[in-house]
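First the structure, in the form of C-alpha coordinates, and then the observations on it.
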There are 2 protein chains.
Amino acid sequence: MTEFNNFFKSAFSVDNVIFGFDEGDLKVLLINRGADPFKGMWALPGDLVYPNEDLDAAAGRVLEELTGLRDVYLEQVNAFGAVNRHPLGRVITVAYYSLIKISNYVVTPASFAQQAKWHSLSSVEALAFDHNEILNACYQRLKQRVRTRPVGFELLPPKFTLTQLQHLYEAILETGLDKRNFRKKILSMNLLVDLDETQEGVAHRPAKLYQFAQERYEKLVREGFSFELKESKRKPTPLLPV
Amino acid sequence: MTEFNNFFKSAFSVDNVIFGFDEGDLKVLLINRGADPFKGMWALPGDLVYPNEDLDAAAGRVLEELTGLRDVYLEQVNAFGAVNRHPLGRVITVAYYSLIKISNYVVTPASFAQQAKWHSLSSVEALAFDHNEILNACYQRLKQRVRTRPVGFELLPPKFTLTQLQHLYEAILETGLDKRNFRKKILSMNLLVDLDETQEGVAHRPAKLYQFAQERYEKLVREGFSFELKESKRKPTPLLPV
DNA sequence: CAGACTTTGCGTGTTTTTTACAAGAAGTCC
DNA sequence: GGACTTCTTGTAAAAAACACGCAAAGTCTG
(Lines give C-alpha, C1' and ligand atoms only; values in the text may rest on other atoms or scores of the structure.)
Protein backbone atom coordinates (compact mmCIF):
# COMPACT_ATOMS: atom_id res chain seq x y z
CA MET A 1 0.00 0.00 0.00
CA THR A 2 2.89 2.34 0.55
CA GLU A 3 3.98 1.71 -2.96
CA PHE A 4 0.52 2.37 -4.19
CA ASN A 5 0.54 5.52 -2.18
CA ASN A 6 3.27 6.92 -4.37
CA PHE A 7 0.77 7.44 -7.09
CA PHE A 8 -1.01 9.99 -5.02
CA LYS A 9 1.82 12.35 -4.31
CA SER A 10 1.22 14.16 -7.51
CA ALA A 11 -0.96 17.16 -8.17
CA PHE A 12 -2.86 18.54 -11.07
CA SER A 13 -3.39 22.06 -12.15
CA VAL A 14 -5.03 23.99 -14.93
CA ASP A 15 -3.40 26.75 -16.93
CA ASN A 16 -5.42 29.20 -18.89
CA VAL A 17 -4.39 31.04 -22.01
CA ILE A 18 -6.68 34.04 -22.03
CA PHE A 19 -6.86 35.65 -25.44
CA GLY A 20 -8.04 39.14 -26.16
CA PHE A 21 -8.03 41.33 -29.24
CA ASP A 22 -7.16 44.97 -29.22
CA GLU A 23 -5.66 47.50 -31.58
CA GLY A 24 -5.63 44.95 -34.33
CA ASP A 25 -3.45 42.71 -32.24
CA LEU A 26 -4.00 39.34 -30.63
CA LYS A 27 -3.12 39.49 -26.94
CA VAL A 28 -2.72 37.13 -24.05
CA LEU A 29 -3.13 37.86 -20.35
CA LEU A 30 -0.07 36.93 -18.30
CA ILE A 31 0.76 37.23 -14.65
CA ASN A 32 4.06 38.08 -13.09
CA ARG A 33 5.22 35.41 -10.68
CA GLY A 34 5.74 36.82 -7.22
CA ALA A 35 7.39 33.76 -5.76
CA ASP A 36 9.80 31.02 -6.64
CA PRO A 37 10.07 29.01 -8.73
CA PHE A 38 10.47 31.37 -11.69
CA LYS A 39 10.00 34.44 -9.49
CA GLY A 40 9.69 37.58 -11.54
CA MET A 41 8.93 35.80 -14.79
CA TRP A 42 5.74 36.01 -16.75
CA ALA A 43 3.49 32.99 -16.63
CA LEU A 44 0.08 31.76 -17.61
CA PRO A 45 -2.55 32.15 -14.94
CA GLY A 46 -3.34 28.78 -13.41
CA ASP A 47 -4.04 26.98 -10.19
CA LEU A 48 -4.21 23.60 -8.62
CA VAL A 49 -7.52 21.85 -9.09
CA TYR A 50 -9.56 21.54 -5.92
CA PRO A 51 -10.29 18.00 -4.82
CA ASN A 52 -13.98 18.30 -5.51
CA GLU A 53 -13.81 20.55 -8.51
CA ASP A 54 -14.30 19.51 -12.11
CA LEU A 55 -11.44 20.31 -14.44
CA ASP A 56 -13.52 22.65 -16.56
CA ALA A 57 -14.76 24.39 -13.44
CA ALA A 58 -11.22 24.97 -12.25
CA ALA A 59 -10.33 26.61 -15.55
CA GLY A 60 -13.43 28.78 -15.31
CA ARG A 61 -12.54 29.75 -11.78
CA VAL A 62 -9.01 30.80 -12.71
CA LEU A 63 -10.46 32.91 -15.47
CA GLU A 64 -13.11 34.51 -13.34
CA GLU A 65 -10.78 35.33 -10.47
CA LEU A 66 -8.49 37.13 -12.82
CA THR A 67 -10.92 38.89 -15.09
CA GLY A 68 -14.23 38.95 -13.29
CA LEU A 69 -15.72 37.35 -16.40
CA ARG A 70 -17.78 34.22 -16.62
CA ASP A 71 -19.71 32.51 -19.36
CA VAL A 72 -17.01 33.09 -21.90
CA TYR A 73 -15.67 30.75 -24.51
CA LEU A 74 -13.40 28.19 -22.84
CA GLU A 75 -11.88 25.16 -24.44
CA GLN A 76 -9.58 22.46 -23.20
CA VAL A 77 -6.57 21.88 -25.38
CA ASN A 78 -4.19 19.34 -23.92
CA ALA A 79 -2.57 17.95 -20.83
CA PHE A 80 1.11 18.55 -20.22
CA GLY A 81 2.76 15.94 -18.12
CA ALA A 82 6.50 15.75 -18.58
CA VAL A 83 8.06 14.46 -15.38
CA ASN A 84 10.18 17.51 -14.76
CA ARG A 85 7.95 20.23 -16.02
CA HIS A 86 7.52 21.54 -12.46
CA PRO A 87 10.71 21.89 -10.43
CA LEU A 88 9.04 21.21 -7.09
CA GLY A 89 7.27 17.97 -7.79
CA ARG A 90 5.09 16.05 -10.15
CA VAL A 91 2.41 18.33 -11.46
CA ILE A 92 0.39 17.53 -14.51
CA THR A 93 -1.39 20.51 -15.95
CA VAL A 94 -4.32 20.76 -18.26
CA ALA A 95 -4.26 23.68 -20.64
CA TYR A 96 -7.32 25.70 -21.57
CA TYR A 97 -7.74 28.77 -23.63
CA SER A 98 -10.49 31.32 -23.38
CA LEU A 99 -11.65 34.14 -25.59
CA ILE A 100 -12.81 37.33 -23.97
CA LYS A 101 -13.86 40.77 -25.08
CA ILE A 102 -10.97 42.78 -23.80
CA SER A 103 -13.20 45.79 -23.25
CA ASN A 104 -15.14 43.86 -20.62
CA TYR A 105 -12.01 43.08 -18.68
CA VAL A 106 -11.59 44.94 -15.41
CA VAL A 107 -8.73 44.66 -12.97
CA THR A 108 -9.79 42.35 -10.14
CA PRO A 109 -8.03 42.05 -6.80
CA ALA A 110 -6.46 38.84 -8.04
CA SER A 111 -5.23 40.37 -11.25
CA PHE A 112 -3.91 43.38 -9.35
CA ALA A 113 -2.10 41.15 -6.87
CA GLN A 114 -0.61 39.08 -9.64
CA GLN A 115 0.21 42.07 -11.80
CA ALA A 116 -1.75 40.65 -14.69
CA LYS A 117 -0.91 42.32 -17.97
CA TRP A 118 -1.89 41.97 -21.59
CA HIS A 119 0.92 40.99 -23.92
CA SER A 120 0.88 41.01 -27.67
CA LEU A 121 1.33 37.47 -28.81
CA SER A 122 4.19 38.57 -30.99
CA SER A 123 6.11 40.02 -28.08
CA VAL A 124 5.83 37.18 -25.60
CA GLU A 125 9.25 36.12 -24.41
CA ALA A 126 10.45 33.29 -22.19
CA LEU A 127 7.73 32.24 -19.76
CA ALA A 128 7.90 30.23 -16.56
CA PHE A 129 7.67 26.43 -16.60
CA ASP A 130 6.72 25.00 -19.99
CA HIS A 131 4.30 27.82 -20.54
CA ASN A 132 5.67 28.81 -23.91
CA GLU A 133 4.87 25.36 -25.14
CA ILE A 134 1.40 25.54 -23.63
CA LEU A 135 0.75 28.96 -25.09
CA ASN A 136 1.84 27.77 -28.46
CA ALA A 137 -0.39 24.72 -28.36
CA CYS A 138 -3.36 26.86 -27.42
CA TYR A 139 -2.62 29.37 -30.11
CA GLN A 140 -2.41 26.63 -32.73
CA ARG A 141 -5.72 25.29 -31.55
CA LEU A 142 -7.32 28.70 -31.78
CA LYS A 143 -5.92 29.13 -35.26
CA GLN A 144 -7.53 25.92 -36.29
CA ARG A 145 -10.84 26.59 -34.53
CA VAL A 146 -11.27 29.97 -36.07
CA ARG A 147 -11.34 28.39 -39.51
CA THR A 148 -14.04 25.94 -38.71
CA ARG A 149 -16.17 27.65 -36.11
CA PRO A 150 -17.26 31.22 -35.67
CA VAL A 151 -15.45 31.69 -32.38
CA GLY A 152 -13.75 34.87 -33.47
CA PHE A 153 -16.76 36.94 -32.50
CA GLU A 154 -16.03 36.11 -28.87
CA LEU A 155 -13.11 38.50 -29.12
CA LEU A 156 -14.99 41.44 -30.60
CA PRO A 157 -17.45 43.83 -29.04
CA PRO A 158 -21.09 43.00 -29.74
CA LYS A 159 -21.18 45.53 -32.56
CA PHE A 160 -18.32 45.55 -35.00
CA THR A 161 -17.43 46.50 -38.53
CA LEU A 162 -16.42 44.11 -41.27
CA THR A 163 -12.98 45.64 -41.30
CA GLN A 164 -12.53 44.90 -37.61
CA LEU A 165 -13.62 41.36 -38.20
CA GLN A 166 -11.20 40.99 -41.06
CA HIS A 167 -8.34 42.37 -38.99
CA LEU A 168 -9.18 39.86 -36.30
CA TYR A 169 -8.98 36.98 -38.73
CA GLU A 170 -5.79 38.30 -40.21
CA ALA A 171 -4.22 38.58 -36.77
CA ILE A 172 -5.19 35.09 -35.71
CA LEU A 173 -4.39 33.41 -38.99
CA GLU A 174 -1.26 35.45 -39.57
CA THR A 175 -2.26 36.03 -43.11
CA GLY A 176 -3.52 38.73 -45.37
CA LEU A 177 -7.07 38.44 -46.67
CA ASP A 178 -8.59 40.05 -49.70
CA LYS A 179 -11.15 42.59 -48.58
CA ARG A 180 -13.76 41.97 -51.22
CA ASN A 181 -13.51 38.22 -51.03
CA PHE A 182 -13.59 38.23 -47.26
CA ARG A 183 -16.74 40.32 -47.11
CA LYS A 184 -18.41 38.29 -49.79
CA LYS A 185 -17.68 35.06 -47.99
CA ILE A 186 -18.65 36.25 -44.53
CA LEU A 187 -21.84 37.89 -45.67
CA SER A 188 -22.82 34.89 -47.77
CA MET A 189 -22.88 32.79 -44.61
CA ASN A 190 -25.76 34.80 -43.36
CA LEU A 191 -24.44 34.87 -39.84
CA LEU A 192 -24.21 38.61 -39.52
CA VAL A 193 -27.03 40.98 -38.74
CA ASP A 194 -26.77 44.37 -40.38
CA LEU A 195 -27.65 46.72 -37.53
CA ASP A 196 -28.39 49.73 -39.73
CA GLU A 197 -26.03 51.70 -37.56
CA THR A 198 -22.68 53.19 -38.36
CA GLN A 199 -19.48 53.88 -36.54
CA GLU A 200 -19.20 57.20 -34.75
CA GLY A 201 -16.27 59.47 -34.08
CA VAL A 202 -14.06 58.32 -36.90
CA ALA A 203 -12.42 60.81 -39.20
CA HIS A 204 -13.54 59.17 -42.39
CA ARG A 205 -16.51 57.48 -43.88
CA PRO A 206 -18.03 55.48 -41.03
CA ALA A 207 -18.53 51.79 -41.53
CA LYS A 208 -21.71 49.83 -40.99
CA LEU A 209 -22.01 47.91 -37.76
CA TYR A 210 -22.89 44.23 -37.59
CA GLN A 211 -23.77 41.74 -34.95
CA PHE A 212 -23.17 38.01 -34.84
CA ALA A 213 -26.40 36.05 -35.28
CA GLN A 214 -25.93 33.62 -32.44
CA GLU A 215 -29.33 31.95 -32.59
CA ARG A 216 -29.25 31.61 -36.34
CA TYR A 217 -25.85 29.98 -36.06
CA GLU A 218 -26.99 27.54 -33.43
CA LYS A 219 -29.93 26.60 -35.57
CA LEU A 220 -27.68 25.99 -38.56
CA VAL A 221 -25.35 23.86 -36.47
CA ARG A 222 -28.24 21.73 -35.33
CA GLU A 223 -29.13 21.24 -38.96
CA GLY A 224 -25.54 20.31 -39.76
CA PHE A 225 -23.60 23.17 -41.18
CA SER A 226 -19.96 23.89 -41.63
CA PHE A 227 -18.20 27.18 -41.22
CA GLU A 228 -14.97 27.46 -43.10
CA LEU A 229 -12.38 29.97 -44.11
CA LYS A 230 -9.25 29.63 -46.12
CA GLU A 231 -6.21 31.77 -46.15
CA SER A 232 -4.74 33.70 -49.01
CA LYS A 233 -1.32 33.03 -50.42
CA ARG A 234 0.53 35.90 -48.83
CA LYS A 235 2.05 34.66 -45.59
CA PRO A 236 3.56 37.12 -43.12
CA THR A 237 6.00 35.80 -40.55
CA PRO A 238 4.40 33.64 -37.85
CA LEU A 239 3.50 35.22 -34.54
CA LEU A 240 4.95 32.34 -32.62
CA PRO A 241 7.66 29.93 -33.63
CA VAL A 242 6.21 26.74 -35.04
CA MET B 1 -11.13 -0.97 0.55
CA THR B 2 -11.84 1.59 3.23
CA GLU B 3 -8.14 1.75 3.82
CA PHE B 4 -7.76 2.38 0.15
CA ASN B 5 -10.14 5.27 0.40
CA ASN B 6 -8.21 6.81 3.24
CA PHE B 7 -5.07 7.02 1.24
CA PHE B 8 -6.77 7.94 -1.91
CA LYS B 9 -6.53 11.56 -2.74
CA SER B 10 -6.00 11.98 -6.42
CA ALA B 11 -4.26 10.21 -9.21
CA PHE B 12 -3.63 10.43 -12.93
CA SER B 13 -4.13 7.75 -15.42
CA VAL B 14 -3.94 7.39 -19.15
CA ASP B 15 -6.49 5.61 -21.28
CA ASN B 16 -5.72 4.45 -24.74
CA VAL B 17 -8.10 4.05 -27.62
CA ILE B 18 -6.32 1.59 -29.86
CA PHE B 19 -7.73 1.62 -33.36
CA GLY B 20 -7.29 -1.09 -35.93
CA PHE B 21 -8.80 -1.74 -39.33
CA ASP B 22 -9.93 -5.12 -40.52
CA GLU B 23 -12.51 -6.54 -42.87
CA GLY B 24 -13.43 -3.06 -43.97
CA ASP B 25 -14.31 -2.16 -40.44
CA LEU B 26 -12.82 0.23 -37.93
CA LYS B 27 -12.11 -1.56 -34.67
CA VAL B 28 -11.05 -0.74 -31.17
CA LEU B 29 -9.22 -2.93 -28.69
CA LEU B 30 -11.06 -3.27 -25.38
CA ILE B 31 -10.34 -5.20 -22.23
CA ASN B 32 -12.76 -6.94 -19.96
CA ARG B 33 -12.57 -5.68 -16.42
CA GLY B 34 -11.71 -8.46 -14.02
CA ALA B 35 -12.35 -6.51 -10.87
CA ASP B 36 -14.63 -3.93 -9.41
CA PRO B 37 -15.56 -1.27 -10.13
CA PHE B 38 -17.36 -2.17 -13.35
CA LYS B 39 -16.30 -5.81 -13.09
CA GLY B 40 -17.17 -7.72 -16.21
CA MET B 41 -17.67 -4.65 -18.36
CA TRP B 42 -15.60 -3.69 -21.35
CA ALA B 43 -13.23 -0.80 -20.88
CA LEU B 44 -10.42 1.06 -22.55
CA PRO B 45 -6.96 -0.16 -21.65
CA GLY B 46 -5.34 2.27 -19.29
CA ASP B 47 -3.19 2.57 -16.23
CA LEU B 48 -2.07 4.94 -13.57
CA VAL B 49 0.91 7.04 -14.56
CA TYR B 50 4.08 6.13 -12.71
CA PRO B 51 5.54 8.88 -10.58
CA ASN B 52 8.57 9.29 -12.77
CA GLU B 53 6.98 8.58 -16.10
CA ASP B 54 6.04 11.11 -18.74
CA LEU B 55 2.42 11.12 -19.79
CA ASP B 56 3.21 10.14 -23.35
CA ALA B 57 5.44 7.36 -22.11
CA ALA B 58 2.66 5.98 -19.96
CA ALA B 59 0.35 5.84 -22.95
CA GLY B 60 3.04 4.11 -24.96
CA ARG B 61 3.61 1.62 -22.18
CA VAL B 62 -0.08 0.72 -21.93
CA LEU B 63 -0.09 0.16 -25.64
CA GLU B 64 3.02 -1.94 -25.71
CA GLU B 65 2.03 -4.13 -22.80
CA LEU B 66 -1.19 -4.98 -24.53
CA THR B 67 -0.11 -5.32 -28.10
CA GLY B 68 3.64 -5.80 -28.04
CA LEU B 69 3.86 -2.91 -30.46
CA ARG B 70 5.92 0.22 -30.13
CA ASP B 71 6.70 3.12 -32.41
CA VAL B 72 3.15 3.42 -33.58
CA TYR B 73 1.09 6.51 -34.14
CA LEU B 74 -0.02 7.85 -30.76
CA GLU B 75 -1.76 11.13 -30.13
CA GLN B 76 -3.07 12.77 -27.01
CA VAL B 77 -6.63 13.93 -27.28
CA ASN B 78 -7.94 15.35 -24.04
CA ALA B 79 -8.00 15.12 -20.29
CA PHE B 80 -11.14 13.95 -18.54
CA GLY B 81 -11.52 15.24 -15.05
CA ALA B 82 -15.09 15.24 -13.80
CA VAL B 83 -15.07 14.86 -10.05
CA ASN B 84 -17.04 11.65 -9.97
CA ARG B 85 -15.79 9.96 -13.08
CA HIS B 86 -14.08 7.31 -10.97
CA PRO B 87 -16.20 5.82 -8.20
CA LEU B 88 -13.28 5.20 -5.85
CA GLY B 89 -11.72 8.62 -5.78
CA ARG B 90 -10.43 11.48 -7.78
CA VAL B 91 -8.73 10.25 -10.90
CA ILE B 92 -8.04 12.48 -13.83
CA THR B 93 -7.32 10.60 -16.99
CA VAL B 94 -5.64 11.67 -20.15
CA ALA B 95 -6.94 10.06 -23.31
CA TYR B 96 -4.75 8.95 -26.16
CA TYR B 97 -5.51 7.11 -29.32
CA SER B 98 -3.18 4.98 -31.34
CA LEU B 99 -3.31 3.51 -34.81
CA ILE B 100 -1.90 0.07 -35.33
CA LYS B 101 -1.72 -2.44 -38.13
CA ILE B 102 -4.01 -5.09 -36.77
CA SER B 103 -2.05 -7.82 -38.54
CA ASN B 104 0.98 -6.99 -36.40
CA TYR B 105 -0.98 -7.45 -33.23
CA VAL B 106 -0.20 -10.55 -31.22
CA VAL B 107 -1.76 -11.63 -27.97
CA THR B 108 0.59 -10.66 -25.13
CA PRO B 109 0.41 -12.01 -21.58
CA ALA B 110 -1.22 -8.75 -20.57
CA SER B 111 -3.81 -8.86 -23.30
CA PHE B 112 -4.52 -12.51 -22.51
CA ALA B 113 -4.92 -11.76 -18.82
CA GLN B 114 -7.20 -8.86 -19.55
CA GLN B 115 -9.13 -10.70 -22.24
CA ALA B 116 -8.42 -7.99 -24.75
CA LYS B 117 -10.67 -8.19 -27.77
CA TRP B 118 -11.25 -6.21 -30.92
CA HIS B 119 -14.66 -4.61 -31.22
CA SER B 120 -16.17 -3.02 -34.26
CA LEU B 121 -16.73 0.60 -33.47
CA SER B 122 -20.33 0.27 -34.53
CA SER B 123 -21.01 -2.46 -32.01
CA VAL B 124 -19.45 -0.95 -28.92
CA GLU B 125 -21.95 -0.85 -26.10
CA ALA B 126 -21.85 0.64 -22.62
CA LEU B 127 -18.29 0.80 -21.33
CA ALA B 128 -16.91 1.22 -17.83
CA PHE B 129 -16.38 4.66 -16.33
CA ASP B 130 -16.76 7.50 -18.82
CA HIS B 131 -15.06 5.44 -21.46
CA ASN B 132 -17.79 5.87 -24.04
CA GLU B 133 -17.24 9.56 -23.88
CA ILE B 134 -13.48 9.10 -24.18
CA LEU B 135 -13.84 6.71 -27.07
CA ASN B 136 -16.10 9.12 -28.83
CA ALA B 137 -13.74 12.04 -28.35
CA CYS B 138 -10.87 10.01 -29.75
CA TYR B 139 -12.89 8.83 -32.68
CA GLN B 140 -13.90 12.39 -33.51
CA ARG B 141 -10.28 13.41 -33.35
CA LEU B 142 -9.27 10.61 -35.67
CA LYS B 143 -12.01 11.58 -38.07
CA GLN B 144 -10.67 15.07 -38.19
CA ARG B 145 -7.02 14.03 -38.42
CA VAL B 146 -7.58 11.71 -41.28
CA ARG B 147 -8.81 14.60 -43.38
CA THR B 148 -5.79 16.73 -42.84
CA ARG B 149 -2.95 14.29 -42.37
CA PRO B 150 -2.13 11.00 -43.98
CA VAL B 151 -2.44 9.00 -40.78
CA GLY B 152 -4.75 6.44 -42.32
CA PHE B 153 -1.82 4.46 -43.66
CA GLU B 154 -0.90 3.59 -40.08
CA LEU B 155 -3.87 1.26 -40.10
CA LEU B 156 -3.07 -0.57 -43.33
CA PRO B 157 -0.44 -3.14 -44.10
CA PRO B 158 2.65 -1.75 -45.81
CA LYS B 159 1.32 -2.84 -49.19
CA PHE B 160 -2.29 -2.08 -49.99
CA THR B 161 -4.66 -1.53 -52.86
CA LEU B 162 -6.47 1.67 -53.65
CA THR B 163 -9.75 -0.02 -52.90
CA GLN B 164 -8.55 -0.96 -49.42
CA LEU B 165 -7.47 2.60 -48.86
CA GLN B 166 -10.80 3.90 -49.99
CA HIS B 167 -12.65 1.50 -47.72
CA LEU B 168 -10.54 2.71 -44.84
CA TYR B 169 -11.45 6.31 -45.50
CA GLU B 170 -15.07 5.44 -45.92
CA ALA B 171 -15.10 3.58 -42.63
CA ILE B 172 -13.43 6.36 -40.70
CA LEU B 173 -15.35 9.18 -42.28
CA GLU B 174 -18.64 7.29 -42.33
CA THR B 175 -19.25 8.39 -45.84
CA GLY B 176 -19.33 7.06 -49.34
CA LEU B 177 -16.61 8.17 -51.71
CA ASP B 178 -16.66 8.15 -55.47
CA LYS B 179 -14.14 5.63 -56.72
CA ARG B 180 -12.82 7.59 -59.65
CA ASN B 181 -12.58 10.85 -57.80
CA PHE B 182 -10.96 9.23 -54.82
CA ARG B 183 -8.26 7.58 -56.89
CA LYS B 184 -7.66 10.72 -58.87
CA LYS B 185 -7.25 12.78 -55.72
CA ILE B 186 -5.07 10.33 -53.85
CA LEU B 187 -2.80 9.67 -56.79
CA SER B 188 -2.50 13.34 -57.62
CA MET B 189 -0.93 13.92 -54.21
CA ASN B 190 2.00 11.85 -55.24
CA LEU B 191 2.27 10.19 -51.88
CA LEU B 192 1.85 6.64 -53.12
CA VAL B 193 4.50 4.47 -54.66
CA ASP B 194 3.26 2.07 -57.30
CA LEU B 195 4.99 -1.17 -56.36
CA ASP B 196 4.45 -2.90 -59.71
CA GLU B 197 3.01 -5.82 -57.83
CA THR B 198 -0.49 -7.14 -57.71
CA GLN B 199 -2.69 -8.84 -55.18
CA GLU B 200 -2.54 -12.61 -55.02
CA GLY B 201 -5.12 -15.20 -54.17
CA VAL B 202 -8.19 -13.20 -55.03
CA ALA B 203 -10.92 -14.64 -57.21
CA HIS B 204 -11.04 -11.77 -59.61
CA ARG B 205 -8.81 -9.32 -61.34
CA PRO B 206 -6.04 -8.56 -58.84
CA ALA B 207 -5.42 -4.93 -57.95
CA LYS B 208 -2.12 -3.11 -57.99
CA LEU B 209 -0.32 -2.69 -54.71
CA TYR B 210 0.88 0.63 -53.41
CA GLN B 211 3.02 1.85 -50.57
CA PHE B 212 2.89 5.11 -48.67
CA ALA B 213 5.82 7.37 -49.52
CA GLN B 214 6.80 8.33 -46.00
CA GLU B 215 9.98 10.21 -46.83
CA ARG B 216 8.38 12.11 -49.67
CA TYR B 217 5.57 13.12 -47.36
CA GLU B 218 7.92 14.33 -44.67
CA LYS B 219 9.80 16.36 -47.21
CA LEU B 220 6.57 17.97 -48.42
CA VAL B 221 5.54 18.79 -44.88
CA ARG B 222 8.83 20.50 -44.27
CA GLU B 223 8.18 22.57 -47.34
CA GLY B 224 4.71 23.44 -46.11
CA PHE B 225 2.08 21.26 -47.65
CA SER B 226 -1.48 20.45 -46.80
CA PHE B 227 -3.20 17.14 -47.12
CA GLU B 228 -6.92 17.39 -47.38
CA LEU B 229 -9.94 15.31 -48.17
CA LYS B 230 -13.56 16.22 -48.29
CA GLU B 231 -16.55 14.01 -47.94
CA SER B 232 -19.26 13.37 -50.46
CA LYS B 233 -22.87 14.24 -49.92
CA ARG B 234 -24.14 10.79 -49.08
CA LYS B 235 -24.03 10.36 -45.34
CA PRO B 236 -24.59 6.94 -43.82
CA THR B 237 -25.65 6.71 -40.19
CA PRO B 238 -22.90 7.63 -37.74
CA LEU B 239 -20.93 4.85 -36.13
CA LEU B 240 -21.16 6.44 -32.73
CA PRO B 241 -23.81 8.74 -31.38
CA VAL B 242 -22.79 12.34 -31.69
C1' DC C 1 -11.42 -23.71 -73.05
C1' DA C 2 -15.49 -20.86 -73.41
C1' DG C 3 -18.62 -18.39 -70.98
C1' DA C 4 -20.06 -16.31 -66.57
C1' DC C 5 -18.58 -13.64 -62.87
C1' DT C 6 -16.21 -10.22 -60.05
C1' DT C 7 -13.38 -6.29 -59.44
C1' DT C 8 -10.12 -3.13 -61.50
C1' DG C 9 -8.94 1.00 -63.82
C1' DC C 10 -9.73 5.00 -66.28
C1' DG C 11 -11.71 10.36 -68.80
C1' DT C 12 -14.74 14.10 -69.58
C1' DG C 13 -18.10 17.52 -69.15
C1' DT C 14 -20.57 20.37 -65.54
C1' DT C 15 -20.92 22.94 -61.49
C1' DT C 16 -19.09 25.21 -57.61
C1' DT C 17 -15.58 27.59 -55.26
C1' DT C 18 -11.69 30.43 -55.14
C1' DT C 19 -9.02 33.97 -56.67
C1' DA C 20 -7.42 38.39 -58.55
C1' DC C 21 -8.34 42.92 -59.12
C1' DA C 22 -9.99 48.94 -59.05
C1' DA C 23 -12.97 52.77 -58.86
C1' DG C 24 -16.53 55.63 -57.08
C1' DA C 25 -19.12 56.99 -52.66
C1' DA C 26 -19.40 58.68 -47.93
C1' DG C 27 -17.88 60.99 -44.46
C1' DT C 28 -14.27 64.29 -41.79
C1' DC C 29 -11.04 67.95 -41.46
C1' DC C 30 -9.19 72.29 -42.48
C1' DG D 1 -14.99 73.28 -51.26
C1' DG D 2 -11.03 70.64 -51.72
C1' DA D 3 -8.03 67.18 -49.76
C1' DC D 4 -7.99 63.09 -47.24
C1' DT D 5 -9.20 58.60 -45.52
C1' DT D 6 -11.77 54.54 -45.36
C1' DC D 7 -15.94 52.12 -47.04
C1' DT D 8 -18.37 49.58 -50.32
C1' DT D 9 -19.18 46.84 -54.26
C1' DG D 10 -18.88 43.15 -59.14
C1' DT D 11 -16.92 40.47 -62.68
C1' DA D 12 -14.08 37.48 -65.19
C1' DA D 13 -10.64 33.73 -65.05
C1' DA D 14 -8.78 29.67 -62.84
C1' DA D 15 -9.07 25.85 -59.94
C1' DA D 16 -11.37 22.36 -57.51
C1' DA D 17 -15.14 19.36 -56.85
C1' DC D 18 -18.46 16.59 -58.67
C1' DA D 19 -21.27 13.20 -61.34
C1' DC D 20 -21.12 9.49 -64.12
C1' DG D 21 -20.44 4.27 -67.15
C1' DC D 22 -17.86 0.89 -69.64
C1' DA D 23 -14.24 -2.03 -71.30
C1' DA D 24 -10.44 -5.01 -69.69
C1' DA D 25 -8.19 -8.39 -66.52
C1' DG D 26 -8.29 -12.11 -64.01
C1' DT D 27 -10.70 -16.33 -61.63
C1' DC D 28 -13.91 -19.99 -61.56
C1' DT D 29 -16.69 -23.76 -63.34
C1' DG D 30 -18.79 -26.97 -66.23
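Letters A, B, ... mirror the listed sequences (proteins, then strands); counts begin at 1. This structure is a prediction, so every number in the text was calculated from the model and none was measured.
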Note to self: For a 4.5 angstrom cut-off between non-hydrogen side-chain atoms, does A:Phe19 reach A:Leu155?
What the structure shows: yes

Checklist line | Test side-chain contact (heavy atoms from CB on, under 4.5 Å) applied to A:Lys208 - qualifying residues, sequence neighbours left out | finding: A:Asp194, A:Tyr210

Check: How close or far is atom C1' of C:dT14 from atom CZ of B:Arg180, stated in whole angstroms?
Finding: 14 Å

Item checked: Gap between atoms CZ and C1', on B:Arg147 and D:dA17 respectively (whole Å) -> 14 Å

Next item on the list: Could you please spell out the steps behind the side-chain contact (heavy atoms from CB on, under 4.5 Å) verdict for A:Thr67 and A:Ile100?
Entry: CA-CA 9 Å; A:Thr67 65; A:Ile100 73 171; 4.3 Å; yes

Check: For B:Asp178 and D:dG21, what is the distance between atoms CG and P respectively, to the nearest whole Å?
Finding: 11 Å

Check: Between C:dC10 atom C1' and B:Gln166 atom CD, what is the distance in whole Å?
Finding: 14 Å

Notebook entry, point to check: Within less than 4.0 Å of OP1 or OP2 of C:dT18, is there a side-chain N or O belonging to A:Lys185?
Noted result: yes

Next item on the list: Please report the closest heavy-atom contact between B:Val77 and B:Ala137, naming both atoms and the distance.
Entry: CG1-O, 4.0 Å

Next item on the list: Write down the distance between CZ (A:Phe182) and C1' (C:dT18), rounded to a whole number of angstrom.
Entry: 15 Å

Item checked: Options C:dA20, D:dT8, D:dA19, nucleotide nearest the side-chain atoms of B:Asn181 -> D:dA19

Next item on the list: Taking the side chain as every heavy atom from C-beta outward, state whether A:Thr198 and A:Leu209 have any atom pair closer than 4.5 Å.
Entry: no

Note to self: Given the structure, check if the side chain of B:Arg183 and the base of C:dC10 hold any donor-acceptor pair shorter than 3.5 Å.
What the structure shows: no

Check: Within the pair B:Thr163 and C:dT8, is there a side-chain N or O less than 4.0 Å away from OP1 or OP2?
Finding: yes

Notebook entry, point to check: What's the CG-P distance between B:Leu187 and C:dG11, to the nearest Å?
Noted result: 12 Å

Next item on the list: Ignoring the backbone of A:Lys184, work out which of C:dT19, D:dT9, C:dC10 is nearest its side chain.
Entry: C:dT19

Checklist line | Global bending angle along the helix from C:dC1-D:dG30 to C:dC30-D:dG1, which compares the axes of five pairs at either end, to 10 degrees | finding: 10°

Check: Is any side-chain heavy atom of A:Lys143 closer than 4.5 Å to a side-chain heavy atom of A:Leu173?
Finding: yes

Where do N or O atoms of nucleotides 25-30 of chain D meet protein N or O atoms at under 3.5 Å, pair by pair?
unit_1 : atom_1 : unit_2   : atom_2 : d
D:dA25 : O4'    : B:Arg205 : NE     : 3.4

Note to self: Need one value for A:Lys179: base, sugar-phosphate or nothing, where a base atom within 4.0 Å counts as base even if backbone is also close, heavy atoms only.
What the structure shows: base

Check: Between C:dT18 atom C1' and A:Leu177 atom CG, what is the distance in whole Å?
Finding: 13 Å

Next item on the list: Measure the distance from CD1 on B:Ile186 to P on D:dC18 and round it to the nearest whole Å.
Entry: 14 Å

Notebook entry, point to check: Below 4.5 Å, heavy atoms only, C-beta onward: do A:Leu142 and A:Ile172 meet side chain to side chain?
Noted result: yes

Note to self: Quick check on the 6.0 Å ring-centre criterion: do A:Phe160 and A:Phe153 meet it?
What the structure shows: yes

Margin query: If you count heavy atoms of other groups shown closer than 6.0 angstrom to CZ of B:Arg183, is the number above 12?
Written below: yes

